[in-house]
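First up is the structure itself, then whatever we jot down about it.
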Amino acid sequence: MKVVLQNLTKIFPSRNKKSNEEVVAVNDFTFEIPDGKLIGLLGPSGCGKSTTLYMISGLQKPTGGKIFFGDDDVTELSPENRGIGLVFQNYALYPHMTVKQNIMFPLQNLKGADKMDKDTMLERAYQAAKLVQIDELMDRKPSELSGGQQQRVAIARALVKMPKVLLLDEPLSNLDARLRLQTREEIRRIQKETGITTIFVTHDQEEAMSISDMIVVMKLGVLQQIGKPQEVYDDPANLFVAKFLGTPPINVFNGEVKGGKLYLGKDCVLDVAGVADQKVAVGIRPEGFVVDNNGPMTCKLNNVEIMGRDVSVVSTHESSQNPVIRSIVDADTKIAAAETVRFSLKPHKVFLFNVETEERIRF
Ligand code: ATP
């Protein structure tokens with residue numbers, strides 16, 4: 001099921017009678033989520049991710065704009081009538097019910113033509129449980145399950161009605177690091193197996209990048225960029241997106257373009273023919289540095305951190321906006337114990353941004 005958001009807007013009125021400061025939580029969103037894809041809604045706390053998800057679910061009414069499921073305008077439909085499955089951060093299972101009863105619960109409330117007999121409900125509950133691999137735990141109570149197992153029950157409960165759209169709001173936040181990794185792979189597997197269009201809200205860029213077909217990056221209610229994770233990482237539209245994606249994060253410098261050359265401090269580091277003379281913000285991905293004794297960029301070497309497969313070179317430079325520069329190089333790279341380290345740069349890992357608007361300047 002394709003999902004289309006058309007000029008979707010949500011404004012919360014001011015809580016304070018004295019001030020008229022309303023909150024524009026979601027500002028004029030227009031984008032299309034193709035059928036059967038997993039989309040990661042990504043951005044820092046308060047950027048409007050959950051509000052977007054709740055409007056798609058019907059739990060919150062938009063102030064403006066429309067939502068379509070396929071060709072149907074569902075903007076005015078109640079959540080029950082949209083055919084959605086919703087999973088929250090806190091699994092919200094009924095503690096007094098068994099796993100089986102929890103999963104069957106949404107089916108018991110179906111009315112009219114959708115009403116099911118007990119055997120069909122049981123069969124559907126077992127199908128959903130099998131999909132998330134908890135069919136052997138059906139008679140346990142939620143308190144007898146691990147966090148990851150509880151979250152799987154919540155996913156099975158959302159799947160049992162065979163929703164057209166699955167909505168996940170930070171579903172992994174309560175899990176420890178190892179379980180997060182495992183469960184996110186599970187979610188991807190389940191999504192691929194069922195082919196259900198899925199929207200996944202997270203503030204964790206790595207999580208979104210690793211499982212999404214497409215990511216939507218948001219900031220203060222405004223859509224910044226939408227695309228395949230690798231494309232957005234390799235081709236960020238602005239400095240915010242460049243900084244938000246990537247671990248370790250992108251290194252940012254105060255630079256200047258003069259006569260088609262990029263200068264960081266006094267180092268002339270790159271040819272940027274075609275770019276007009278101006279001051280620029282420069283983003284360099286950690287993997288964009290090459291240790292090179294004849295390289296044009298000279299940095300003060302702080303230390304070298306061994307990370308197994310790679311080596312992280314920690315250094316400083318007069319033009320850096322961050323206290324240190326982190327560059328990731330191959331573990332075989334020879335780095336002399338010296339006061340300075342010299343780098344050349346991979347041009348496709350270097351991005352220029354307008355100092356005021358922070359929009360990308362292409363070269
Ligand atoms: P988080 O990751 O912290 O959950 P989020 O990106 O999901 O954040 P939202 O919960 O969608 O952000 O909130 C977006 C903005 O709308 C925030 O500024 C928030 O304070 C505001 N907001 C959310 N719900 C309400 C409400 N019911 N009344 C007033 N303001 C609200």
Side-chain angles (χ1 to χ4, degrees), residues 3-31 33 38-67 74-75 78-79 82 84-92 147 151 154-155 158 165-177 180 183-184 187 198-212 214-227 229 232 236-247 249:
V3 176
V4 180
L5 309 184
Q6 218 175 61
N7 306 106
L8 197 65
T9 298
K10 179 71 184 180
I11 301 174
F12 290 108
S14 162
R15 285 261 169 89
N16 181 346
K17 281 196 182 127
K18 285 190 192 136
S19 86
N20 280 326
E21 269 192 37
E22 27 184 45
V23 178
V24 185
V26 176
N27 194 348
D28 201 21
F29 264 32
T30 297
F31 64 84
I33 302 164
L38 194 157
I39 299 295
L41 271 187
L42 181 63
S45 180
C47 71
K49 307 179 292 289
S50 299
T51 306
T52 306
L53 198 78
Y54 296 158
M55 286 195 284
I56 298 171
S57 74
L59 290 174
Q60 261 173 10
K61 234 176 118 52
T63 315
K66 287 190 185 305
I67 302 164
V74 299
T75 320
S78 65
R82 288 194 186 193
I84 49 140
L86 195 52
V87 179
F88 294 101
Q89 174 179 349
N90 51 348
Y91 333 117
Q151 191 55 298
I155 295 170
V165 180
L166 182 63
L167 304 170
L168 307 168
D169 189 8
E170 301 261 7
L172 310 177
S173 302
N174 289 352
L175 307 180
D176 67 39
R180 274 182 90 113
T183 314
R184 82 184 188 201
I187 288 176
T198 301
I199 304 167
F200 182 100
V201 161
T202 178
H203 61 270
D204 182 335
Q205 53 93 22
E206 203 186 323
E207 198 164 279
M209 299 260 296
S210 64
I211 64 168
S212 308
M214 277 178 13
I215 54 170
V216 177
V217 186
M218 301 173 60
K219 175 191 171 191
L220 294 173
V222 181
L223 194 154
Q224 303 291 306
Q225 195 168 356
I226 179 164
V232 179
N238 58 40
L239 184 57
F240 173 83
V241 175
K243 280 184 179 172
F244 199 73
L245 299 184
T247 25

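All ligand and atom numbering here is 1-based and tracks the order in the structure.
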To check your reading of the model: name the closest protein heavy atom to [atom], its residue, and the distance in Å.
atom: atom 9 (P) of ligand 1; value: Thr51 OG1, 3.5 Å
atom: atom 3 (O) of ligand 1; value: Ser45 OG, 2.6 Å
atom: atom 28 (N) of ligand 1; value: Arg15 NH2, 3.3 Å
atom: atom 2 (O) of ligand 1; value: Lys49 NZ, 2.9 Å
atom: atom 4 (O) of ligand 1; value: Ser50 OG, 3.7 Å
atom: atom 19 (C) of ligand 1; value: Val23 CG1, 4.7 Å

Shortest non-hydrogen contact from Ser212 toward Ile39 =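 Heavy atoms of Ser212 and Ile39 come nearest at OG-C, 4.2 Å.
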
Asp169 to Val201 - nearest heavy-atom pair and separation | OD1-CG1, 3.4 Å

Mind checking whether Phe244 and Phe240 have parallel, tilted or perpendicular rings, split at 30° and 60°?
->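 Ring orientation, 0 to 90° scale: parallel.
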
Here the atoms of ligand 1 under 4.0 Å from any heavy atom belonging to Gly46 are 1 (P), 3 (O), 5 (P), 6 (O), 8 (O), 12 (O), 14 (C), 15 (C), 17 (C), 18 (O)

With a cut-off of 4.0 Å, which atoms of ligand 1 are near a heavy atom of Ala25?
->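 Close to Ala25: 14 (C), 15 (C), 16 (O).
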
Do you know which of Gln89, Lys49, Glu207, Arg184 makes side chain to side chain donor-acceptor pair (under 3.5 Å) with Thr202?
-> Glu207

Side chain or backbone, does [X] bring an N or O within less than 3.5 Å of an N or O on ligand 1?
X: Pro13; result: no
X: His203; result: no
X: Gln60; result: no
X: Phe12; result: no

Would Gly43 count as a contact of ligand 1 if the rule is a heavy atom under 4.0 Å away?
-> no

What I'd like to find out is whether the side chain of [X] reaches to under 4.5 Å of the side chain of [Y], using heavy atoms alone.
X: Leu41; Y: Met218; value: yes
X: Ile199; Y: Val216; value: no
X: Phe200; Y: Leu172; value: yes
X: Met55; Y: Leu5; value: no

Report, as yes or no, whether the 6.0 Å neighbourhood of atom CG on Leu59 holds more than 12 heavy atoms from other residues, nucleotides or ligands.
->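 Count over threshold, so yes.
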
